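Everything below concerns the one structure shown next.
No experiment lies behind these values; they were computed from the predicted model shown.
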Amino acid sequence: MTKKIGVVVSGRGSNLQAILDQIDAGTLPVEVAVVVSDHGDALALERAAKHHIPTVVVERGACADKVEFETKIAGALESHGAELVVLAGFMRILTGGFISRFPHRIMNIHPALLPSFTGLHAQGQAVAYGVKVSGCTVHFVDEGTDTGPIILQKVVPVLDDDTEDSLAARILEEEHKALPEAIRWWAEGRLTVTGRKVFVRP
Ligand code: GAR
């Protein structure tokens, strides 16, 4: 049976689109059961609606506290049967309470080569630091910020005249390959997590 994933977003949703495009092309054997956004005006919600995928909006400001916010997101994912939670441009840090409901079943895409440049504006951090390569990382989420076991990384050059935006655009092209690839590995049952290491079976 096709495995179900839930995608959690905050904005543009180009990574969600990359997942949907690969599903449509028949190269990613999963079903997006629900898209959850913490912003009601996220472009990602329109992308989901075009594919007739159920959407749920949970705004932080409409919740009494972070526990209620996360409980509602987790409830939406579980009620739609999501077996894997994919954070695709979700701009909030999740607490242990949420993470423990989906052990090793939450993936995040981060626009830097972790463990460098965690948190926000990772591409700007890379330009400011003067590194010569950067890229993206898909990892399982643990209780730290961008610290969980790494599944896959892709590298791009950093050019002398790069700005945060130009580097972000170059990295984004790789994100659109990396995230569907990691999800495919998961769907094919090829990922094993041992401590910090993720092993990918051939
Ligand atoms: C992507 O670059 C993603 O890596 C980044 O936000 C962008 C979302 O783009 N995520 C983070 O920085 C998480 N800390 P998208 O909405 O078009 O997929």
* Salt bridge between Glu68 and Lys72, side-chain N to carboxylate O under 4.0 Å? -> yes
* Would you say Val158 and Leu113 are hydrophobically clustered, going by side-chain heavy atoms of ILVMFWY under 4.5 Å? -> no
* Check the pair Ile151, Trp186 against side chain to side chain contact (heavy atoms under 4.5 Å, CB included), reporting the backbone distance first and the verdict last. => CA-CA 10 Å; Ile151 302 164; Trp186 169 83; over 6 Å; no
* To do: Apply side chain to side chain contact (heavy atoms under 4.5 Å, CB included) to Val138 and Trp185, showing your working.
  => CA-CA 12 Å; Val138 184; Trp185 290 347; over 6 Å; no
* Taking all atoms of both residues into account, what is the closest heavy-atom pair of Thr137 and Leu114, and its distance? -> OG1-N, 3.1 Å
* Asked: How far does NE2 of His139 sit from CG of Asp146, to the nearest 0.5 angstrom?
  -> 4.5 Å
* Mind checking the CD1-CG spacing from Ile93 to Leu87? Nearest 0.5 Å is all I need. => 10.0 Å
* To do: For His51 and Gln17, indicate whether the former's side chain and the latter's backbone hold a donor-acceptor pair under 3.5 Å.
  => no
* **Heavy-atom pair of closest approach, residues Ala122 and Pro111** => CB-O, 3.7 Å
* Heavy-atom distance under 4.5 Å between the side chains of His176 and Asn15, does that happen here? -> yes
* To do: Starting at CD1 of Ile171, measure out to NZ of Lys154 and round the result to the nearest 0.5 Å.
  => 13.5 Å
* To do: Specify the closest pair of heavy atoms between Ile99 and Leu94, including all atoms of both residues, with the distance to one decimal.
  => CD1-O, 3.6 Å
* When rounded to the nearest 0.5 angstrom, what is the spacing between CD1 in Ile106 and OG in Ser100? -> 8.5 Å
* Could you state whether Ile183 and Val85 fall into the same hydrophobic cluster, counting links through intermediate Ile, Leu, Val, Met, Phe, Trp or Tyr residues with side-chain heavy atoms under 4.5 angstrom apart? => no
* Asked: So how far is it from Gln125 CD to Leu120 CG, rounded to the nearest 0.5 Å?
  -> 8.5 Å
* **Expected output: side-chain Ser166 to main-chain Asp162 donor-acceptor under 3.5 Å** => no
* Asked: How far apart are the closest heavy atoms of Leu45 and His39, and which atoms are they?
  -> CD1-O, 3.5 Å
* Structure fact -> In this structure, CD of Glu78 is separated from CZ of Phe102 (nearest 0.5 Å) by 4.0 Å
* Glu46 side chain vs Asp41 backbone, donor-acceptor pair below 3.5 Å -> no
* Flag the pair Arg184 and Glu181 as a salt bridge only when some basic side-chain nitrogen lies within less than 4.0 angstrom of an acidic carboxylate oxygen. => no
* So if you build clusters from Ile, Leu, Val, Met, Phe, Trp, Tyr with side-chain heavy-atom gaps below 4.5 Å, do Leu179 and Val8 land together? -> no
* **Taking every non-hydrogen atom, the tightest pair across Asp38 and Arg92** => OD2-NE, 2.9 Å
* **Validation row: Val34, Thr55 side chains within 4.5 angstrom (heavy atoms)** => no
* Asked: Same cluster or not: are Phe98 and Val7 linked, directly or through other Ile, Leu, Val, Met, Phe, Trp or Tyr residues, by side-chain heavy atoms under 4.5 angstrom apart?
  -> no
* **Shortest non-hydrogen contact between Ala126 and Leu167, atoms and distance** => CB-CD2, 4.0 Å
* Determine whether Leu28 and Ile53 fall in the same hydrophobic cluster, where Ile, Leu, Val, Met, Phe, Trp and Tyr are linked whenever their side-chain heavy atoms lie under 4.5 Å apart. => yes
* Is there side-chain contact between Val36 and His80, with at least one heavy-atom pair below 4.5 Å? -> no
* Between Arg60 and Phe69, is there a donor-acceptor pair closer than 3.5 Å when you use the side chain of the first and the backbone of the second? -> no
* Asked: Are side-chain heavy atoms of Ser14 and Leu172 found at a separation under 4.5 Å?
  -> yes
* Asked: According to the interplanar angle, ranging from 0 to 90°, do the rings of His104 and Phe140 count as parallel (below 30°), tilted (30 to 60°) or perpendicular (above 60°)?
  -> tilted
* To do: Report yes or no: does Arg47 contribute a side-chain atom to a donor-acceptor pair with the main-chain N or O of Leu16 at less than 3.5 Å?
  => no
* Min side-chain heavy-atom separation Arg170-Pro157 under 4.5 Å -> yes
* So, Glu31 side chain and Lys4 main chain: donor-acceptor pair closer than 3.5 Å or not? -> no
* Flag the pair Leu84 / Val30 as yes when at least one side-chain heavy-atom distance between them is below 4.5 Å, and no otherwise. => no
* Asked: Which of these, Glu174, Glu173, Glu175, sits in a salt bridge (Lys or Arg N to Asp or Glu O under 4.0 Å) with Lys177?
  -> Glu174
